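By convention in this document, chain letters (A, B, ...) are assigned in the order of the sequence lines, proteins followed by strands, and residues within each chain are numbered from 1. Since this is a predicted model, take the numbers as computed values, not measurements. Only this structure's heavy atoms are used, side chains among them; waters, hydrogens and symmetry mates stay out.
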Amino acid sequence: MSENKPASELTGESKTPTNFIHSIIEEDIRNGKNDGRVHTRFPPEPNGYLHIGHAKSICLNFGTALKYNGKCNLRFDDTNPVKEDVEYVDSIRYDVHWLGFDWEGREFYASDYFPQIYQFAENLILKGKAYVCDLSAEQIAEQKGTPTRPGQESPFRNRSVEENLDLFRRMKAGEFAEGSRVLRAKIDMTSPNMHMRDPLLYRIIHTEHHRTGNQWCIYPMYDFAHGQSDSIEGITHSICTLEFEVHRPLYDWCIRELEIFAPQQIEFARLNMTYTVMSKRKLLELVKNNFVSGWDDPRMPTISGLRRRGFTPGSLRNFSDLVGVAKRENVIDVGLLEFCVREDLNKTANRVMGVINPVKLIITNFPEGQVEEMNAVNNPEDPEAGTRKVNFTRELYIERDDFMEDPPSKFFRLAPGREVRLKYAYIIKCESVVKDPVTGEITEIHCTHDPETLSGRANSNRKVKGTLHWVSAQFALQAEIRLYDRLFLSESPEDVPEGEDYKTNLNPDSLKVIKGYVESSVAGTQALDKFQFERLGYFCTDTDSKPDHLVFNRTVALKDSWAKAKN
RNA sequence: UGACCUAUGGUGUAACUGGCAACACGUCUGAUUCUGGAUCAGAAGAGUCUAGGUUCGACCCCUAGUAGGUCAACCA
């Protein structure tokens, strides 16, 4: 549980720059609040897959606990059986764990607290602070008013405690139809805060719950379950996103009226990223309409998608640290995410040679049938990674982009009459090219090599402008390469003219599947293995990959200053 | 025509809570390199939304604006 650091070093050390939440916590500790105890929680609703925004929240909550020697629970906010499913519970547990965090057995469910929460509701009724309302959903909405106009009181608002208790118990007993009655808090229909206008506490839902089955037919609303769950678990700092800011008065009201342990809710701004959408609804839509292959499509900003794309837990944790925590709206440059994977993979991914857009290269003065084993370094950033042998033969493949017939002056690669080094092998000189007579496309590049320039030899260090990667035409393995690009063309996909929606910004070329070659050393690769294809980028073995049909996903390309120079 | 929140280089966050703005990404130079990667050295780029005020002194405090966001689901 540590691979590649951050989330504040996964230890208690405070290396991270301070954020306002940590400032609050530190002051609470100074003041001896909660006896200096720090207890957070990550509270997903199991109704979808987690995305990078959740990753930030996970890192914040678990990271905060780690930093202050506290605890962090994993709690499922499962109060709406019609939307939730165990499939999501499982994926969430897997993702949190994969990210590198451990809830140490403190896996809780709001549904575990249903009996307790039900009791809370009765207590409120007994105090005259809650009532059963028979109005329809439409009527309640109507009487709620608007943010600028006060609401009206329900005709059922002043029922007696006895009647309320009786009705509520019968709701629980299943005597009433779905939607016929609800339990509401009695607060203030004229409050400028809509959430304080007699909010719903309980509603009737005759749907089987993924954990409690048919035990209940009334379910607490978020506002009557979340804070209560926090309280029951002794959560000291209940960290959530900004849209819950307006819920805080209600959160506090419930805690106060119930006279139970009071956690402190603190809100921060959710993560937004360029070239992507982040709402569960939109992500679900992309999946449902097959714009992507599933929740774990490597183009998705989901944790499962990023994992399949080749991201490492450490890179995501580091990203979460770098984006910071604050209350202002923000849009993070997706380039920062890419920086984080590159930084991580540069240090950990073994190098391998692969040719993505092949053109044949023939070394005319290299004996036919001869095989020479070249020594290759697995990772120049990590001596421990060792070396390997790569077969060199007369016929090779190199990258089509590495050759130009009529190159500009800034082009350092192969061209007629020019010399380059083949990595780990020889310096070669281009003598001629063979073209397809009809298309004019180059089919073969003919070169000669200088045997004295074999890598590692004493006099091999002649200066050449460029070094190319290559694979042996005879030994290379064919592979399917999936080149991913951003899913959306626009930096802000939701920014669209009237009448259109974010889907018009979908990038039609976000996935290109091509055939390429990789050196034979990768033969036994397993799903999610990570490599750097030299000079190209970081790739990982896809879950679809089989020994006789290798599939690699491009996680991210290497920085390419030549591409930039070309414009 | 309400309430609440926010406002610092292109982006994201800092600034010991009053002492003339720092870090990261990005950008641009140069060095180095058997990855046009990495690494190393350096540069440009904001005077902190606006207008007042308090103060010897304000990004930090006050007032009024402006701009953006959130809130009217028997969702969370």
Side-chain angles (χ1 to χ4, degrees), chain A residues 17-19 23 43-45 47-48 77-80 82-84 110 133 135-137 140-142 144-151 178-184 191-197 200-205 218-219 221-223 225-226 240-249 267 269 271 274 280 321-333 335-340 342-343 346-347 351 353 377 380-381 410-413 420-425 427 453 455-456 460-461 463-469 532-537 557-565:
Chain A
T18 60
N19 63 54
S23 301
E45 182 190 15
N47 69 342
D77 243 330
D78 56 347
T79 57
N80 186 359
V82 318
K83 289 189 176 175
E84 296 150 9
C133 181
L135 257 26
S136 69
I140 290 179
E142 226 178 275
K144 204 133 214 179
T146 70
T148 53
R149 291 213 149 46
E178 211 163 291
S180 61
R181 286 188 163 83
V182 294
L183 183 74
R184 301 176 70 176
S191 169
N193 183 336
M194 297 292 289
H195 297 277
M196 298 299 273
R197 322 242 264 227
L200 269 63
L201 267 23
Y202 262 93
R203 76 294 209 186
I204 300 168
I205 301 177
I218 56 172
Y219 293 89
M221 299 287 290
Y222 166 85
D223 286 308
H226 193 88
C240 62
T241 45
L242 246 33
E243 64 271 28
F244 293 102
E245 206 155 26
V246 279
H247 291 245
R248 185 161 20 105
E267 311 85 11
L271 172 76
T274 55
K280 273 188 192 175
D321 280 359
L322 291 182
V323 298
V325 179
K327 296 190 78 161
R328 86 182 80 144
E329 289 292 320
N330 62 83
V331 184
I332 306 294
D333 187 337
L336 185 64
L337 219 208
E338 294 172 348
F339 162 79
C340 290
R342 286 198 190 99
E343 184 186 50
N346 175 47
K347 287 179 285 197
R351 272 59 169 172
M353 291 195 284
V377 174
E381 305 292 321
K410 281 284 184 1
F411 188 80
F412 302 152
R413 307 172 186 181
V420 294
R421 171 172 290 284
L422 290 180
K423 182 124 182 162
Y424 301 129
I427 288 176
T453 60
S455 290
S460 70
N461 278 331
K463 274 286 178 205
V464 285
K465 283 279 208 38
T467 299
L468 308 187
H469 62 276
Q532 182 196 104
F533 285 9
E534 294 241 19
R535 302 210 302 134
L536 296 177
L558 249 29
K559 274 211 219 162
D560 189 351
S561 47
W562 163 238
K564 214 175 279 177

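Look at the C1' atom in both B:A21 and B:A14: the space between them is 9 Å, to the nearest Å. As rounded to the nearest Å, B:C59 and B:C49 have P atoms that lie 10 Å from one another. Rounded to whole Å, the separation between the P atoms of B:U70 and B:U55 comes to 40 Å. Atom C1' of B:U33 sits at a distance of 30 Å from the matching atom of B:G45, rounded to the whole Å. B:G47 and B:G9 have their P atoms separated by 8 Å, given to the nearest Å. For B:A46 and B:A22, the P atoms lie 13 Å apart once the distance is rounded to whole Å. Look at the P atom in both B:U48 and B:A7: the space between them is 15 Å, to the nearest Å. Comparing the same atom, C1', in B:G68 and in B:U35 gives a spacing of 45 Å after rounding to whole Å.
Distance A:D333 CG to B:G9 P: 16 Å, rounded to the nearest Å. One can place CG of A:L468 at 8 Å from P of B:G36, the figure rounded to the nearest angstrom. When rounded to the nearest whole Å, the span between CG of A:D321 and C1' of B:C23 equals 14 Å. When rounded to the nearest whole Å, the span between CD of A:E534 and P of B:U33 equals 17 Å. One atom, CZ of A:F339, and another, C1' of B:A38, lie 12 Å apart when rounded to the nearest Å. Going from atom CZ of A:F412 over to atom P of B:U33 covers 14 Å, rounded to whole Å. The CZ-P distance, from A:R197 to B:G2, rounds to 14 Å in whole Å. Distance, A:F533 CZ to B:G36 P: 17 Å, rounded to whole Å.
Nucleic acid contact for A:Q532: base, since at least one base atom lies under 4.0 Å from a heavy atom of the residue. When heavy atoms are screened at a 4.0 angstrom cut-off, A:K410 is found touching base atoms of the nucleic acid. Across all strands shown, A:L558 has heavy atoms under 4.0 Å from base atoms, whether or not it also approaches the sugar-phosphate. Residue contacts shown for A:R149 are absent, as no nucleic acid heavy atom lies under 4.0 Å away. Contact annotation for A:F411: base contact, defined as any heavy-atom pair under 4.0 Å involving a base atom. Using a 4.0 Å heavy-atom criterion, one finds that A:G48 contacts no nucleic acid atom at all. Note on A:R248: nothing from the nucleic acid sits closer than 4.0 angstrom, heavy atoms only. Among the protein residues, A:K559 comes within range of the sugar-phosphate backbone only, with heavy atoms under 4.0 Å from sugar or phosphate atoms but none that close to a base. Across all strands, A:V325 comes closer than 4.0 Å only to sugar-phosphate atoms, never to a base (heavy-atom distances).
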Counting Watson-Crick and G-U wobble pairs with both distances under 3.5 Å, what is the dot-bracket string for RNA chain B, 5' to 3', using [ ] for crossing pairs and | for pairs to another strand? .((((((..((((.....[..)))).(((((.......))))).....(((((..]....))))))))))).....
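Proximity of A:C133 to A:R181: side-chain heavy atoms (C-beta onward) are nowhere separated by under 4.5 Å. The shortest distance between side-chain heavy atoms of A:H195 and A:F244 does not fall below 4.5 Å. Counting only heavy atoms from C-beta outward, the side chains of A:N80 and A:I205 approach each other to under 4.5 Å. The shortest distance between side-chain heavy atoms of A:K327 and A:E245 falls below 4.5 Å. Contact of the A:R351 side chain with the A:F533 side chain is not registered, since no non-hydrogen atoms from C-beta on lie closer than 4.5 Å.
Nearest to the side chain of A:R413, among B:C25, B:G36, B:A14, sits B:G36. With distances taken from any side-chain atom of A:R328 to the nucleotides B:U1, B:C25, B:A14, the minimum falls on B:A14.
Here the CZ atom belonging to A:R197 is positioned 14.0 Å from the CD1 atom belonging to A:I140, to the nearest 0.5 angstrom. We find the CZ-CZ distance between A:R535 and A:R413 to be 5.0 Å, quoted to the nearest 0.5 Å. The OG atom of A:S180 sits 12.0 Å away from the CG atom of A:L135 when rounded to the nearest 0.5 Å.
OP1 or OP2 of B:C28 has not a single side-chain nitrogen or oxygen of A:S561 nearer than 4.0 Å.
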Verify side-chain contact (heavy atoms from CB on, under 4.5 Å) between A:M221 and A:Y202, making sure each step is shown before the conclusion. CA-CA 6 Å; A:M221 299 287 290; A:Y202 262 93; over 6 Å; no
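The shortest heavy-atom contact between A:A557 and A:R342 is O-NE, 2.8 Å.
Classification of B:G52 as anti follows from a glycosidic angle more than 90° from 0. Regarding the sugar-base torsion, B:U32 falls in the anti class, its angle being beyond 90° of 0.
Between A:E45 and A:K83 there is no salt bridge, since no side-chain N of the basic residue sits under 4.0 Å from a carboxylate O of the acidic one.
Residue order along RNA chain B, read from the 5' end via each residue's closest nucleotide, puts A:T148 first among A:T148 and A:V331.
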Sugar-phosphate atoms are those with a prime plus P, OP1 and OP2; base atoms are the rest. Using that split, label each nucleotide of nucleotides 64-76 of chain B B, S or - for protein heavy atoms under 4.0 Å, 5' to 3'. -----S-SBBBSB
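If you look at A:F412 and A:W562, their ring centroids are not closer than 6.0 Å.
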